[in-house]
Amino acid sequence: MKKNSDVKVLFMGTPEFCVPILESLIASYDVVGVVTQPDKEIGRHKELKASPVKECAIKNGILVLQPAKIRKDYQEVLNRKPDIIITCAYGQIIPKEILDYPKYGCINVHASLLPKYRGGAPMQRAIMNGEKETGITIMYMDEHMDTGNIIKMAKVPILDSDNLEKVHDKLSALGEKLLMETLPSILDGTNDSIAQDDSKATFAPVISREDEKIDFNKKAKEIYDHIRALSPFPGAYATLDGKIVKIYNAYVKEEFYTEKENGEIGKIYKDGLGVSCKDYEIVITDVKFEGKKRCLMKDYFNGNDGNKFLGKIFNKD
RNA sequence: CGCGGGAUAGAGCAGUCCGGUAGCUCGUCAGGCUCAUAACCUGAAGGUCAUAGGUUCAAAUCCUAUUCCCGCAA
């Protein structure tokens, strides 16, 4: 692709998801700055951790801005004199002062088929709800969250076997591709954009700690969707004997035990723990016990007696 | 120095309290049985017991320090 160094692009984003976009922008345009969330204290020792986008920008020698509140600290962004601003999973609402500045506007790459799943966790919420497809929306930004006019959309299927990681990788690649294909038409003004139908809007709030907990009173398929929507990060969890067990994979088995309580481990399979829920049984196959590494139940049974789990009940303490 | 758990063969674990030949289950490889197999039988390979010191005739095990991993909290 030809380098279009006449166009000054400013990029705003934070997680791994949008790094491919930044890399492609750097390859084809004049990226005059990158805005990302401030370094966060993360992990056990409260070490400052830079966002993936920041690391990518530094590697490419691009100026990085990390305002704590861009609503107030927007002047530096304007000082870069961008012709267009591209955002993707940045994590803060962009103030009007910035939105009005670039002559080609502010473009957002969002990981859902808008107006569905507006908000911070569109991929997770889509999988969690058992959606069969999702996609990428390229849109103009306005002052509200994910409400601006739509420029372009592309769909991808969500397979029954997909987890968050798979969907994330698909959409990350698709977002990069779709943006790079669409950007020329945005710059020369040959694209159309259409308003969203707000009556069809749904919301995808960020995942809270409580959202990560598994409710065994739900149907097996719902629990399966919940587990894969959070796998491998942050991981759905349940408690057993007062300790946290993270669950990364499972499958539905169409067995029904009337005498079992919801959440009770009623059967030990070769590859997992059979747990009763509202309708069928869900077999948990891939876990991480507190203090241990993630491992398949199949492997866990090599060194531990699976029968010790029989009759135990999840979330009972 | 926020709190707690952990590190032993490719994987999952036992052995550590009470120091004395490195074990189990699975996987891998070779052979056998079988119409056949993810089943069964026989055999083999595979370990500086996280790292560095210390105590001891002798350390996976006891003492000290360090590194890395995991859960919580932020």
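Computed from a predicted model, the values in this text were never measured in an experiment. All chains are named by letter (A, B, ...) in the order of the sequence lines, taking the proteins before the strands, and each is independently numbered beginning at 1.
Listed pair A:Arg209 / B:rC72 meets the phosphate criterion, a side-chain N or O lying under 4.0 Å from OP1 or OP2. For the OP1/OP2 pair of B:rA11 and a distance below 4.0 Å, the side-chain nitrogens and oxygens of A:Lys292 include no atom meeting the criterion.
Looking only at atom types and distance, the side chain of A:Ser208 has a donor-acceptor partner in the side chain of A:Asp211 under 3.5 Å away. Of the N and O atoms on the side chains of A:Thr14 and A:Gln37, not one donor lies less than 3.5 Å from an acceptor on the other residue.
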* Asked: Please walk me through it: do A:Tyr257 and A:Glu264 pass side chain to side chain donor-acceptor pair (under 3.5 Å)?
  -> CA-CA 10 Å; A:Tyr257 306 104; A:Glu264 180 172 348; over 6 Å; no
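Following rounding to the nearest Å, A:Ile244 (CD1) and B:rA73 (C1') show an atom-to-atom distance of 11 Å. A:Phe301 places its CZ atom 15 Å from the P atom of B:rG27, with the value rounded to the nearest Å. Atom pair A:Arg294:CZ and B:rA7:P shows a separation of 21 Å (rounding to whole Å applied). For the pair A:Lys46 NZ and B:rG2 P, the computed distance is 7 Å after rounding to whole Å. Between the CD1 atom of A:Ile247 and the C1' atom of B:rC70 there is a distance of 16 Å, rounded to whole Å. Atom NZ in A:Lys288 sits roughly 17 Å away from atom P in B:rG6 (whole-Å rounding). For A:Asp271 and B:rG27, the CG to P distance is 14 Å, given to the nearest whole Å. When rounded to the nearest whole Å, the span between CG of A:Asn307 and C1' of B:rU25 equals 14 Å.
Mapping A:Gly291 and A:Cys295 onto RNA chain B by nearest heavy atom places A:Gly291 closer to the 5' end of the strand. Mapping A:Lys293 and A:Glu212 onto RNA chain B by nearest heavy atom places A:Lys293 closer to the 5' end of the strand.
Comparing B:rU56 with B:rU64, their C1' atoms sit 16 Å apart, to the nearest whole Å. Comparing B:rU67 with B:rA52, their P atoms sit 15 Å apart, to the nearest whole Å. Remark: the separation of the C1' atoms in B:rU28 and B:rA45 is 9 Å, to the nearest Å. Atom C1' of B:rC49 sits at a distance of 34 Å from the matching atom of B:rC40, rounded to the whole Å. The gap from the C1' atom of B:rC63 to that of B:rA59 amounts to 11 Å, rounded to the nearest Å. For the P atom pair drawn from B:rG47 and B:rA9, the interatomic distance equals 10 Å after rounding to whole Å. Of the P atoms belonging to B:rC18 and B:rA73, the separation is 36 Å, rounded to the nearest Å. Rounded to the nearest Å, the gap between the P atom of B:rU21 and that of B:rC62 is 16 Å.
Nucleotide B:rG47 is matched to nothing when pairs are restricted to Watson-Crick or G-U wobble geometry with both distances under 3.5 angstrom. Across all strands shown, B:rC41 is found opposite B:rG31 as a Watson-Crick or G-U wobble partner, with both distances under 3.5 Å. Nucleotide B:rC72 is matched to B:rG2 when pairs are restricted to Watson-Crick or G-U wobble geometry with both distances under 3.5 angstrom. Remark: B:rA22 base-pairs with no nucleotide in the shown strands. Criterion, Watson-Crick or G-U wobble with two distances under 3.5 Å. A 3.5 Å limit on both hydrogen-bonding distances identifies B:rG54 as the Watson-Crick or G-U partner of B:rC62. Pair assignment for B:rA7: B:rU67, on the basis of Watson-Crick or G-U wobble contacts that are both within less than 3.5 Å.
Residue contacts shown for A:Lys298 are absent, as no nucleic acid heavy atom lies under 4.0 Å away. Across all strands shown, A:Lys246 has heavy atoms under 4.0 Å from sugar-phosphate atoms exclusively, and none from any base. The residue A:Gly43 sits close to a base: some heavy atom pair falls under 4.0 Å.
Between the side chain of A:Ser276 and the main chain of A:Asn262, no donor-acceptor pair closer than 3.5 Å is present.
Between the side chain of A:Arg44 and the base of B:rG2 there is no donor-acceptor pair of N/O atoms closer than 3.5 Å.
The ring of A:Tyr300 has its center closer than 6.0 angstrom to the ring center of A:Phe289.
In this structure, A:Arg125 forms no cation-pi arrangement with A:Phe203, as its terminal cationic atom is not both closer than 6.0 Å to the ring centre and no more than 45° off the ring axis.
Relative to the side chain of A:Tyr300, the nucleotides B:rU25, B:rG71, B:rC13 differ in distance, and B:rC13 lies closest.
If you chain together hydrophobic residues whose side chains sit under 4.5 Å apart, A:Leu25 and A:Leu187 fall into the same group.
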